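Heads up: numbering here begins at 1 and tracks the sequence. Read the numbers this way: they start at 1 and go in the same order the structure lists the ligands and their atoms. Predicted model, so just to flag it, every value in this text is computed and none were measured. As a basis for the values below, the full set of heavy atoms in this structure was taken, side chains included, without hydrogen atoms, waters or symmetry mates.
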Amino acid sequence: MRAFTKTYADPQTQQQALAHHRWIARANPDVRIPKVLQVHPTGIDFEHLDGLHGTADDLVPLADLLGHQHTTAHTRELHAARLDAPHTSDGTTIAGFAAGRRERLHHLLASGAVPGLALTREAIDGWLERAATMPAAFYKDANPRNFLITGADVTVIDFDSLTLAPFGYDLAKLVVSTAMTTGPLPEDTIRQAVDTYNRHPQHRGLPGCTWGEFAAWCEFQHVLTAPYLGTNNYRFSWHTVRPAWTSDILRRFDKEWAP
Ligand SMILES: Nc1ncnc2c1ncn2[C@@H]1O[C@H](COP(=O)(O)OP(=O)(O)OP(=O)(O)O)[C@@H](O)[C@H]1O
Ligand SMILES: [Mg+2]
């Protein structure tokens, strides 16, 4: 079988990727991922799979897949997780949502390097606090390069990052990173992606992701992905391509929550 070899900076990152791969295989048993063929001291041989990266045209089908992945993982296992604490099962620990992320967001905000901010430090802390009691899904870095697509078949790749996250958070990563790659997305497509995603949790009696939450998670992704502008095919900063309704909605939240 043909292999795709991925090398890792250190043994810990490699072991983590293996653990994440095992966890996704268990939490999403009907989702296609490459087999692990062999493990080397500095790398992993994954099964080589054909397919093209996601594009703006794949947004709705990929949102559908993410909704399915998150709802399946929640129903099978993450219903027992709290977003503000690490989740351990079968020897694998998945970091909580705020752990590390809060510090990184604060640091990037303070650096002044992120253009067109729509969230203050206080608003970020407020959303993190609210997220602590939301139903748990996961973040696995749903950028369009982490899917390989052939016709209707989608393979999910890249097991480097995995944390707990609220429903809609990794969908926001998909939307923001796709817009950063290809430019402004039709508003209808974004709305259709969120609706399609939400059908999965709602079918299970879970609330899904509100428009306000989605807008906030897009801004988290903006801050966290801005340092990569100019690399990874990211040619557009989110603040130049975001739909106006996302920042309008966040301004309304700011007013409601003002002391
Ligand atoms: N199993 C595989 N079969 C075929 N191609 C693969 C496979 N795994 C990864 N690739 C290709 O290599 C690219 C980079 O792999 P991966 O996403 O795991 O690494 P990365 O360091 O996160 O890179 P990037 O920043 O581009 O996402 C993928 O976008 C894909 O094109
Ligand atoms: Mg990747």
Undergrad: Does E103 CD have over 12 foreign heavy atoms under 6.0 Å away?
TA: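 It does: E103 CD has more than 12 such atoms within range.
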
Undergrad: With a 6.0 Å cut-off on ring centres, are H21 and F159 close enough?
TA: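 Distance test on ring centres: under 6.0 Å, yes.
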
Undergrad: Determine, considering heavy atoms only, which of F4, F46, Y8 sits nearest to atom 15 (O) of ligand 1.
TA: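 The option holding the nearest heavy atom is F4.
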
Undergrad: Looking at atom 23 (O) of ligand 1, what's its closest protein heavy atom, distance included?
TA: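 Answer, as residue, atom name and distance: D158 OD2, 4.7 Å.
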
Undergrad: Step through it carefully: locate the ring centre of F167, locate the ring centre of H200, and say whether they are under 6.0 Å apart.
TA: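 Centroid separation for F167 and H200: 6.0 Å or greater.
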
Undergrad: Protein N/O/S atoms under 2.8 Å of the Mg ion (ligand 2)?
TA: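 Protein N/O/S atoms under 2.8 Å of the Mg ion (ligand 2): N146 OD1, D158 OD2.
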
Undergrad: Among all protein heavy atoms, pick the one closest to atom 4 (C) of ligand 1 and tell me residue, atom and distance.
TA: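 For this ligand atom, the closest protein heavy atom is L49 O, 3.1 Å.
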
Undergrad: Are Y139 and Y169 close enough that their ring centres sit under 6.0 Å apart?
TA: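 Ring centres of Y169 and Y139 closer than 6.0 Å.
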
Undergrad: Test ring-ring contact (aromatic ring centres under 6.0 Å, His included) on F220 and W217; report intermediate values, then the result.
TA: CA-CA 5 Å; F220 274 47; W217 304 147; 5.1 Å; yes

Undergrad: Charged N to carboxylate O under 4.0 angstrom, R22 versus D90?
TA: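 Salt bridge absent between R22 and D90.
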
Undergrad: Is any NZ, NE, NH1 or NH2 atom of the basic residue among R251 and D248 found under 4.0 Å from an Asp or Glu carboxylate oxygen of the other?
TA: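 The answer is yes: the pair qualifies as a salt bridge.
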
Undergrad: In plain terms, say whether K6 and D158 are close enough for a salt bridge, that is, a side-chain N and a carboxylate O under 4.0 Å apart.
TA: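 Between D158 and K6 there is a salt bridge, with a charged N closer than 4.0 Å to a carboxylate O.
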
Undergrad: Would you mind running through ligand 1 and noting each atom that sits below 4.0 Å from a heavy atom of H53?
TA: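 In order of numbering, the contacting atoms are 28 (C), 29 (O), 30 (C), 31 (O).
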
Undergrad: I'd like to check which ligand 1 atoms, numbered from 1 as shown, lie under 4.0 Å from a non-hydrogen atom of N232.
TA: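 In order of numbering, the contacting atoms are 25 (O).
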
Undergrad: Please state whether D50 comes within less than 4.0 angstrom of ligand 1, counting heavy atoms only.
TA: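 No heavy atom of D50 comes that close to ligand 1.
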
Undergrad: Does a donor on one side chain sit under 3.5 Å from an acceptor on the other, for H53 and N233?
TA: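 Note: H53 and N233 side chains miss the donor-acceptor criterion.
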
Undergrad: Counting from 1, what ligand 1 atoms have a heavy atom of N146 closer than 4.0 Å?
TA: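 Near N146, meaning under 4.0 Å from one of its heavy atoms, ligand 1 has 17 (O), 27 (O).
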
Undergrad: Judged by modelled atom types alone, do H68 and N28 share a side-chain donor-acceptor pair under 3.5 Å?
TA: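 No, because no side-chain N or O of H68 sits under 3.5 Å from a partner of the opposite role on N28.
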
Undergrad: Heavy atom to atom 1 (N) of ligand 1, shortest distance: which of K6, E47, H48 holds it?
TA: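 Of the listed residues, E47 has the closest heavy atom.
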
Undergrad: Considering only the protein, which heavy-atom contact is closest to atom 24 (P) of ligand 1, and what is its distance?
TA: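 Going by distance alone, atom 24 (P) of ligand 1 is nearest to R145 NE, 3.6 Å.
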
